[in-house]
Engineer: 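Dropping the structure in here first, questions after.
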Amino acid sequence: EHDRAIQAFAQVGRLSSELGQARLHWDKLTERYSRARLYFSQGNLEDAIKELALAREAALRSNDRIWLNRIELLQVKCLALRGDRSSALAAMSRDADTAFSAEMVARWHGAVAAIYPVGTPESKAHLARAVRVAKGLSNITLAHDLEHGFPRSQDSAYAAPPRPDLESAV
């Protein structure tokens with residue numbers, strides 16, 4: 001699958017170079033975001049972070065809050081999984097007062113799960129909450145994206161909801 005995606009991006013690059021500056025901002029954002037997701041799925045966090053930084057700049061220039069939130073939350077996850085929790089926390093604070101859609105709530109909890117050390121109860125609880133929201137939206141692709149980068153096994157605690165308590169009710 002990765003090889004086909006790389007070929008598709010090469011083709012998109014050739015086609016988009018013909019358009020030059022005439023490309024719509026969201027076209028550029030979706031391409032950069034998709035490239036970042038490809039790098040992330042390959043385990044190439046450095047290139048994913050670079051693509052996300054470029055996508056973030058483009059979203060800021062065009063004042064596209066929807067894409068900006070999506071980009072920043074994946075950026076937080078990549079930084080945290082790379083081991084740079086202080087940068088991830090600094091990036092997370094930009095979103096503290098933003099009203100999120102249900103999808104963004106799931107992405108936010110996925111990013112927070114990555115900030116906590118992997119395998120801790122806090123990380124597991126946030127990731128489980130993120131996946132529950134994604135599945136509640138019937139967005140299996142989002143659930144897959146959220147779980148990517150975390151250890152998985154047949155009895156994965158990440159897929160199981162936390163023990164019932166006040167926090168898991170939200």
Side-chain angles (χ1 to χ4, degrees), residues 1-2 5 29-56 59-60 64-170:
E1 293 292 321
H2 288 149
L29 291 172
T30 56
E31 181 183 342
R32 290 221 179 269
Y33 184 78
S34 295
R35 283 181 190 274
R37 287 183 61 221
L38 174 63
Y39 290 137
F40 178 74
S41 71
Q42 293 174 315
N44 184 349
L45 295 176
E46 295 304 318
D47 284 340
I49 291 167
K50 288 176 189 173
E51 279 295 327
L52 290 165
L54 294 170
R56 183 177 182 278
L60 285 169
D64 191 323
R65 290 297 306 162
I66 293 170
W67 273 106
L68 184 62
N69 287 334
R70 187 174 286 145
I71 291 162
E72 287 179 343
L73 290 170
L74 182 55
Q75 191 176 37
V76 166
K77 184 176 180 179
C78 288
L79 289 165
L81 291 175
R82 183 181 71 179
D84 190 356
R85 287 183 172 77
S86 61
S87 294
L89 284 168
M92 180 62 82
S93 67
R94 291 191 298 254
D95 292 320
D97 63 348
T98 304
F100 291 136
S101 66
E103 176 192 343
M104 290 303 159
V105 169
R107 290 183 186 280
W108 185 88
H109 280 288
V112 171
I115 291 172
Y116 283 103
V118 174
T120 61
E122 296 87 355
S123 177
K124 290 178 183 181
H126 280 284
L127 187 57
R129 186 173 294 135
V131 171
R132 279 196 319 273
V133 170
K135 288 180 178 178
L137 294 170
S138 299
N139 192 336
I140 301 306
T141 302
L142 175 59
H144 172 77
D145 284 354
L146 292 166
E147 290 182 320
H148 190 78
F150 293 95
R152 303 258 332 246
S153 68
Q154 289 295 83
D155 59 337
S156 175
Y158 289 107
R163 289 189 312 249
D165 63 10
L166 184 57
E167 281 299 306
S168 65
V170 179

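Quantities reported herein were computed from a predicted structural model and do not represent experimental measurements.
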Engineer: Between the main-chain N or O of E31 and the side-chain N or O of S34, is there a donor-acceptor pair closer than 3.5 Å?
Structural biologist: no
Engineer: With the side chain counted from C-beta on, respond yes when L45 and L79 share a heavy-atom pair under 4.5 Å apart, and no when they do not.
Structural biologist: no
Engineer: Which atom names give the shortest non-hydrogen contact between L89 and I115, and what distance separates them?
Structural biologist: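 Nearest pair, atom of L89 first, then I115: CD2-CG2, 3.6 Å.
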Engineer: Could you walk me through whether L142 and R107 pass side chain to side chain contact (heavy atoms under 4.5 Å, CB included), step by step?
Structural biologist: CA-CA 8 Å; L142 175 59; R107 290 183 186 280; 3.5 Å; yes
Engineer: Kindly give the heavy-atom pair with the smallest separation between A55 and L29, and that separation in Å.
Structural biologist: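 Result for this residue pair: O-CD2, 3.2 Å.
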Engineer: From D64 CG over to N69 CG, what is the distance, rounded to the nearest 0.5 angstrom?
Structural biologist: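 One gets 9.5 Å once the value is rounded to the nearest 0.5 Å.
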Engineer: For residues L73 and M104, determine if any side-chain heavy atom of one lies less than 4.5 Å from a side-chain heavy atom of the other.
Structural biologist: yes
Engineer: Can a salt bridge be assigned to the pair K50 and E46 using a cut-off of 4.0 Å between side-chain N and carboxylate O?
Structural biologist: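 Judged by the 4.0 Å cut-off on N to carboxylate O distance, K50 and E46 do not form a salt bridge.
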Engineer: How far apart are the closest heavy atoms of A130 and G110, and which atoms are they?
Structural biologist: CB-N, 3.6 Å
Engineer: State, to 0.1 Å, how close H148 and S41 come at their nearest heavy-atom pair, and which atoms those are.
Structural biologist: NE2-CA, 3.2 Å
Engineer: What heavy-atom pair brings Q75 and I49 nearest, and what distance separates the two atoms?
Structural biologist: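 Between these two residues, the closest heavy atoms are NE2-O, 4.5 Å.
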Engineer: Less than 4.0 angstrom from a charged side-chain N to a carboxylate O is my criterion; do R37 and E51 meet it?
Structural biologist: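 Looking at R37 and E51, the cut-off is not met.
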Engineer: Is it true that atom CD1 of I66 has more than 12 heavy atoms of other residues, nucleotides or ligands lying nearer than 6.0 Å?
Structural biologist: no
Engineer: Counting distance only, does the side-chain N/O of K77 pair as donor-acceptor with the main-chain N or O of L146 below 3.5 Å?
Structural biologist: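 Checked: pair present.
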Engineer: Identify the heavy atoms of A106 and A134 that sit nearest to each other, and give their distance.
Structural biologist: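 Residues A106 and A134, closest heavy atoms: CB-N, 4.3 Å.
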Engineer: Applying side chain to side chain contact (heavy atoms under 4.5 Å, CB included) to V131 and E147, what does each step give before you reach the verdict?
Structural biologist: CA-CA 7 Å; V131 171; E147 290 182 320; 3.6 Å; yes
Engineer: Please tell me if the side chains of R70 and L74 come closer than 4.5 Å, counting only heavy atoms from C-beta onward.
Structural biologist: no
Engineer: Using side-chain heavy atoms (C-beta onward) and a distance below 4.5 Å, is L52 in contact with F40?
Structural biologist: no
Engineer: Can you measure from CD (E72) to CH2 (W67) and round to the nearest 0.5 angstrom?
Structural biologist: 13.5 Å
Engineer: Quick one, S123 and F150 - any side-chain contact, counting heavy atoms below 4.5 Å?
Structural biologist: yes
